[in-house]
Amino acid sequence: MKKVFFGLFDSKKLAAQLCRMLNGELAEFTLRQFPDQETYLRIESSLEGKECIVACSLNQPDSKILPLFYLCRLCKQLNASRVVLIAPYLSYMRQDIQFHPGEAVTSELFAQLLSEMVDELITIDPHLHRKHSMSQLYSIPCIVLHASGLISTYISDHISNPLIVGPDSESEQWVSQVAFSAGAPYLTLEKVRKGDMDVEISAPEIAEYKGHTPVLVDDIISTARTMIGTVRHIHEAGLKPPVIIGVHAIFAGNAYQELQQAIVADIVTCDTISHISNKISIANLIASNIRQE
Ligand code: R5P
């Protein structure tokens, strides 16, 4: 039986790509806001006994979660056999402990909510911070995919003599993978975040790599303070202008423009979140991990 694909918000293109790749059926549905901002939803496709694949990247999650909830519930009410959520970017991964008494541990609450809405979750490089696996948060099966292979291929195809640079010790997990597959050297710097908009980067041994093209790789670019701090450091060490590669292009506020104004050769992101900097497609990676029966 054909799978039925839904694309919500900026994930419509991804749903259409997956649908084409897997010879599925694109859902006919209407999702819109009434003038008072309440949601109207109608699904016209027949879902009886079919598996629904819902693509909805969860950047800016607060405005998406309620329409997504309505859609997933309606799929079940229309007798879909299963609902699989494809959230290439998964939000609410960082507030995973209480830093101060009375704070909401939103990672857990958000995970509980999604676990009640869908039967399976497929995501890319979730920011597992202090948790070691998705099962510590989610009670549904989660397929976690990694963009490191796609990033390595991009680097091998487009950048000569690269030096892969991670902005902090946490980035070593994906930077080392990317460097290994691209056959390039790598190093990770030291980052101290003093506030949302205040990041200090240090890199003792970086000046040895003057002949290389630095390629800064990180999972999330949000305020871009981490990348801008790293770019500044690289510039001061006399290295070439770096290529910036991020998996998830959040770019809060003016972050993209500010990063463009730093001395960078290029800014490249995966299309887990739709953005002008998207140059690496994740559609094939996801398609090859959707269960076939
Ligand atoms: C941090 O733990 C992440 O890997 C990124 O380095 C961080 O999210 C980037 O944030 P920003 O762009 O706001 O500096």
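Atoms within each ligand, like the ligands themselves, are counted from 1 in listed order.
- An N or O contact shorter than 3.5 Å is missing between I221 and ligand 1 by distance.
- The closest side-chain donor-acceptor pair between Q33 and E38, if any, does not fall under 3.5 angstrom.
- Contact check for F5 versus V54: no side-chain heavy atoms found under the 4.5 Å cut-off.
- Other residues sharing a hydrophobic cluster with I97 under the 4.5 Å side-chain heavy-atom criterion for ILVMFWY residues are F99.
- Ligand 1 has no nitrogen or oxygen under 3.5 angstrom from a nitrogen or oxygen of W174.
- Within the 4.0 Å heavy-atom shell around ligand 1 one does not find M227.
- Counting heavy atoms from C-beta outward, V144 and P126 have side chains that approach closer than 4.5 Å.
- Residue S171 places every heavy atom at 4.0 Å or more from ligand 1.
- Taking F251 as the reference, Y256, H275 meet the ring-ring contact (aromatic ring centres under 6.0 Å, His included) condition, with sequence neighbours excluded.
- Heavy atoms from both the backbone and the side chain of I220 come within less than 4.0 Å of ligand 1.
- Every atom of ligand 1 with a heavy atom of D219 under 4.0 Å away is listed here by number and element: 3 (C), 4 (O), 5 (C).
- Of all the heavy atoms of A224, the ones lying under 4.0 Å from any atom of ligand 1 belong exclusively to the backbone.
- For the pair C52 and V84, the minimum side-chain heavy-atom distance is 4.5 Å or more.
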